[in-house]
Protein chains: 2
Amino acid sequence: MAIGVRDVADAAGVSVGTVSNVLNNPSLVAPATAQRVQSAIDELGFVRNDAARQLRAGRSRTIGLVVLEASNPFFADLARGAEERAYTDGLIVLTANSDDDAVREQVSLDMFQQQRVLGVVISPRADPVRIQRMQEQGTHVVLVERTTTDPTVSSVAVDNIAGGQLAVNHLVTTGRRRIAFVGGPTSIRQVSDRLIGATRAIGSQQGTTLQVVETTNMTVLEGRSAGESIVAMEPSERPDGVFAANDLLAIGVMQALRSGGISIPDDIALIGYDDIDFAMSTEVPLSSIRQPSRKLGHTAVDLLLARVADPDSPAQHIVFDPELAVRESTHSTTS
Amino acid sequence: MAIGVRDVADAAGVSVGTVSNVLNNPSLVAPATAQRVQSAIDELGFVRNDAARQLRAGRSRTIGLVVLEASNPFFADLARGAEERAYTDGLIVLTANSDDDAVREQVSLDMFQQQRVLGVVISPRADPVRIQRMQEQGTHVVLVERTTTDPTVSSVAVDNIAGGQLAVNHLVTTGRRRIAFVGGPTSIRQVSDRLIGATRAIGSQQGTTLQVVETTNMTVLEGRSAGESIVAMEPSERPDGVFAANDLLAIGVMQALRSGGISIPDDIALIGYDDIDFAMSTEVPLSSIRQPSRKLGHTAVDLLLARVADPDSPAQHIVFDPELAVRESTHSTTS
DNA sequence: CGATCGTTATGAATCGTTTCAATCCAATGT
DNA sequence: ACATTGGATTGAAACGATTCATAACGATCG
């Protein structure tokens with residue numbers, strides 16, 4: 001049933017070695033012969049057996065990617081970037097989502113090792129010991145959004161502190177003074193970093209204040225109740241600029257403020273984080289902080305391939321700065 | 001460097017065959033021996049070479065999935081469903097996104113064939129001839145959201161006509177009579193089917209009318225301008241129920257209507273399609289038609305495995321009915 | 001004319017696992 | 001004491017592509 005190089009060789013009247021050369025080193029084969037072999041391939045419908053290739057080669061042409069959630073736009077873009085980069089080298093990316101479950105992550109990693117992937121790009125959890133061992137066994141690892149003490153592991157990340165600063169500086173630049181941070185729980189690293197950045201920005205600006213409205217999660221609903229609590233404030237205490245730790249919260253805040261008769265951006269400016277697709281489609285288009293997720297994926301694969309090419313090269317840690325996306329929700333007050 | 005069965009066998013003082021049996025047929029091995037082998041495996045950090053397994057087995061334990069867009073929630077859920085189903089059989093799903101590009105789709109399919117996947121689940125384009133050939137070469141195919149004349153190819157789909165009927169019937173049931181359909185272009189199959197369903201529902205209900213507001217795409221922005229044109233209508237011509245061909249459009253319509261001082265659902269009831277996460281977070285929670293995407297992925301894998309198990313079994317075509325998700329935007333008029 | 005060189009082509013060996021016919025051994029039956 | 005049974009183990013063959021040392025061949029040169 002299955003057609004192999006042997007069959008192609010027979011059909012073309014050459015040896016198996018020649019068929020292989022047509023496929024992998026065409027320059028070694030006389031054009032006429034190559035043509036004949038190619039015809040045989042087409043005619044018989046020969047499809048290379050990747051398992052056999054890999055076995056011989058000792059490694060696959062594959063990169064493993066473990067994401068927390070495939071449907072999360074951040075990871076979707078990250079994966080996209082990784083695929084694009086891999087594609088230029090003729091590599092393929094296998095994506096597995098762990099759903100933030102340690103067991104599923106383990107299973108995925110085991111799978112990738114069995115497949116002898118060139119390396120793995122992984123974002124979350126991942127027992128440091130496990131990672132160490134993987135590298136010893138020849139599977140390179142690049143961490144996303146997570147640094148480690150292990151100096152032999154490369155990583156890529158975006159600077160959430162810089163993002164927080166960027167957001168608040170922008171609010172201040174557009175004339176806001178009393179800033180509120182909406183987000184939580186602060187046990188989440190990203191959230192606390194963004195808050196640190198916000199605090200830092202406030203500290204470097206005369207006459208500005210920061211208040212924190214903590215939430216229990218990062219949903220539209222929570223944002224709405226945070227917004228309601230802002231509406232309920234004494235007008236004198238009420239902030240004139242709100243920085244939400246993510247866009248969903250920001251959307252909730254926007255809904256509550258507008259229901260409360262507060263104008264955005266005239267009364268209160270509002271900025272979110274993540275720059276989800278939806279940010280530009282809210283009633284007042286939402287300013288946000290954009291993470292270069294695609295570039296992150298791109299770079300992660302770069303780092304991986306660098307270490308594959310030279311296993312002794314030092315691990316690298318690359319941190320990207322997020323970008324500001326200005327929209328109507330933070331336009332300057334119409335004086 | 002790499003540890004193989006040979007090394008494990010030596011370390012445990014048994015033959016390679018026994019090691020293999022510990023891994024694949026533990027019942028054939030004496031418990032004491034199995035234990036000894038297992039220790040050697042752990043100690044040496046032996047990791048099976050999947051390429052060699054597959055080569056011997058002649059096929060992989062893998063299913064290929066080609067989606068139009070990984071970030072599209074519909075496909076993300078589909079993939080999720082497929083993975084869940086595959087997982088119970090110890091299979092893994094390789095996901096590739098074609099970005100609706102025929103070339104990329106071809107590349108992905110080639111790749112899957114080289115990997116000797118058990119079969120492929122694919123949604124779009126796909127040259128019928130190619131599919132035919134793939135099946136002849138032993139790679140089974142299941143189509144998603146696309147039927148074909150080829151009787152040997154299985155498929156799964158959701159019934160968009162039924163969805164359109166469901167939406168409009170719901171509007172009528174809640175007391176609406178003058179329905180507007182917002183969507184387009186009708187060259188898209190899904191859109192035209194939903195419209196057909198809407199028309200059919202109207203036809204079976206006395207005293208109801210349907211007008212169509214055609215759009216050029218399915219974005220929030222387009223929805224907003226469609227909504228504005230509704231606001232601009234003579235109150236006597238204005239619909240009292242709007243069925244949007246997707247949730248993004250519906251959200252745009254909602255924004256425009258509310259800005260125009262029209263109350264939802266009191267003045268106009270609104271229902272969307274797809275039931276995206278965001279539907280429940282709009283200012284007035286949006287009713288929608290939910291596609292059982294996860295179940296679709298689940299079933300696609302089912303069909304695939306059925307044919308793998310018995311290649312001579314007939315192709316099956318399964319069509320799911322969508323479900324109604326009722327939220328505030330279609331609550332009955334407060335009489 | 002024989003030696004030499006470069007281009008093409010060959011095919012046996014190889015990768016690591018699984019499979020399966022053959023072997024071994026202790027226990028049981030006669 | 002010998003044959004039989006069946007559970008446990010063995011190890012060589014097989015999967016299919018790639019590699020590489022070797023050979024074949026014609027052309028060029030001294």
Side-chain angles (χ1 to χ4, degrees), chain A residues 1-38 40-41 44-62 90 110-111 113-117 137-139, chain B residues 1-38 40-41 44-62 90 110-111 113-117 137-139:
Chain A
M1 179 85 225
I3 309 294
V5 275
R6 180 79 261 162
D7 306 282
V8 175
D10 291 347
V14 298
S15 75
V16 291
T18 299
V19 175
S20 176
N21 280 333
V22 170
L23 259 20
N24 304 299
N25 304 84
S27 64
L28 298 181
V29 180
T33 313
Q35 181 53 53
R36 202 146 32 87
V37 171
Q38 192 57 56
I41 288 177
L44 297 177
F46 166 71
V47 177
R48 262 147 112 161
N49 185 321
D50 213 53
R53 298 187 72 190
Q54 289 182 200
L55 175 57
R56 187 76 238 275
R59 48 148 79 167
S60 71
R61 302 183 323 297
T62 299
D110 285 344
M111 216 181 63
Q113 280 203 280
Q114 294 183 9
Q115 305 243 347
R116 296 290 189 276
V117 296
Q137 293 174 337
T139 306
Chain B
M1 179 86 229
I3 309 293
V5 277
R6 179 79 262 158
D7 306 281
V8 174
D10 290 348
V14 299
S15 76
V16 292
T18 300
V19 175
S20 177
N21 280 333
V22 170
L23 261 19
N24 304 299
N25 302 84
S27 63
L28 297 182
V29 181
T33 313
Q35 181 52 52
R36 201 146 33 88
V37 171
Q38 191 57 55
I41 288 177
L44 297 175
F46 164 72
V47 177
R48 261 147 115 155
N49 185 321
D50 212 54
R53 298 186 73 188
Q54 289 182 200
L55 175 56
R56 186 76 241 271
R59 47 149 77 165
S60 70
R61 301 184 324 295
T62 298
D110 286 343
M111 217 182 63
Q113 281 203 279
Q114 294 184 10
Q115 306 242 349
R116 297 291 190 275
V117 296
Q137 293 174 335
T139 306

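Just so we're on the same page: letters track the sequence lines, and every chain starts at 1.
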Distance check needed: [N] [atom2] versus [X] [atom1], whole Å only.
| X | N | atom1 | atom2 | result |
| --- | --- | --- | --- | --- |
| A:Leu44 | D:dG16 | CG | P | 15 Å |
| B:Gln115 | D:dA17 | CD | P | 14 Å |
| B:Leu23 | C:dT19 | CG | P | 11 Å |
| B:Gln113 | D:dA17 | CD | P | 14 Å |
| A:Arg36 | C:dA9 | CZ | P | 8 Å |
| A:Arg6 | D:dA17 | CZ | C1' | 12 Å |
| B:Asn24 | C:dT17 | CG | C1' | 9 Å |
| B:Asn25 | C:dC20 | CG | C1' | 12 Å |

_Tell me the closest heavy-atom pair linking A:Ala52 and B:Leu55, and the distance in Å._
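Taking every non-hydrogen atom into account, CB-CD1, 3.8 Å.
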*So, for A:Phe46 and A:Ile3, which heavy atoms are closest and what is the spacing to 0.1 Å?*
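Smallest heavy-atom distance, with atoms named: CD1-O, 3.4 Å.
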Is there a donor-acceptor contact under 3.5 Å from the side chain of [X] to the main chain of [Y]?
| X | Y | answer |
| --- | --- | --- |
| B:Gln137 | A:Gly45 | yes |
| B:Asn49 | B:Ala51 | yes |
| B:Arg116 | A:Arg48 | yes |

_Tell me which one of B:Asn24, B:Asp7, B:Val8 satisfies side-chain contact (heavy atoms from CB on, under 4.5 Å) with B:Val19._
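Between B:Val19 and the candidates, side-chain contact (heavy atoms from CB on, under 4.5 Å) is satisfied uniquely by B:Val8.
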Go through [options] for me and flag the one nearest to the [X] side chain.
| X | options | answer |
| --- | --- | --- |
| B:Arg53 | C:dT17, D:dT19, D:dA17 | C:dT17 |
| A:Val5 | D:dT10, D:dA17, C:dG16 | D:dA17 |
| B:Ser15 | C:dG16, D:dG11, C:dT10 | D:dG11 |
| A:Val16 | C:dG11, D:dT9, D:dG16 | C:dG11 |
| B:Ala30 | C:dC15, D:dA8, C:dA9 | D:dA8 |

*Could you check whether A:Val19 gets within reach of a base, just the sugar-phosphate, or nothing at all, counting any heavy atom under 4.0 Å?*
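No contact.
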*Touch check for A:Leu28, heavy atoms < 4.0 angstrom, all strands: base, sugar-phosphate only, or nothing?*
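Counting heavy atoms under 4.0 Å across all strands, the contact made by A:Leu28 is with sugar-phosphate only.
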*Between B:Gly58 and A:Arg48, name the one whose nearest nucleotide on DNA chain D is closer to the 5' end.*
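Nearest-nucleotide comparison on DNA chain D picks B:Gly58.
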*If you pin B:Ala57 and B:Gly17 to their nearest nucleotides in DNA chain D, which one's is more 5'?*
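With B:Ala57 and B:Gly17 compared, the 5'-side residue is B:Gly17.
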_Whether B:Thr33 contacts D:dT9 is assessed here as follows: a side-chain N or O lying under 4.0 Å from the phosphate OP1 or OP2. Is that the case?_
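Yes.
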_Does D:dT19 have its OP1 or OP2 closer than 4.0 Å to a side-chain nitrogen or oxygen of A:Ser20?_
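The answer is no; no side-chain N or O of A:Ser20 sits under 4.0 Å from OP1 or OP2.
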*Can you tell me if CZ on A:Arg36 sees more than 12 non-hydrogen neighbours from other groups inside 6.0 Å?*
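Yes, because the 6.0 Å sphere around CZ of A:Arg36 holds more than 12 heavy atoms from other groups.
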_My understanding is that only residues two or more places apart in sequence, or in another chain, count here; which of them pass salt bridge (Lys or Arg N to Asp or Glu O under 4.0 Å) with A:Arg6?_
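By the salt bridge (Lys or Arg N to Asp or Glu O under 4.0 Å) rule, A:Arg6 matches A:Asp10.
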*Relative to the 5' end of DNA chain C, which residue comes earlier, B:Asn21 or B:Leu55, by the nucleotide with the nearest heavy atom?*
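First, find each residue's nearest nucleotide; the 5'-ward one identifies B:Leu55.
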Got a list of protein N/O to nucleotides 26-28 of chain C N/O distances below 3.5 Å?
none

*asked:* When you measure only distances, ignoring hydrogens and angles, does the side chain of A:Arg56 come within 3.5 Å of the base of D:dT18 through a donor and an acceptor?
replied: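 Donor-acceptor pair under 3.5 Å: yes.
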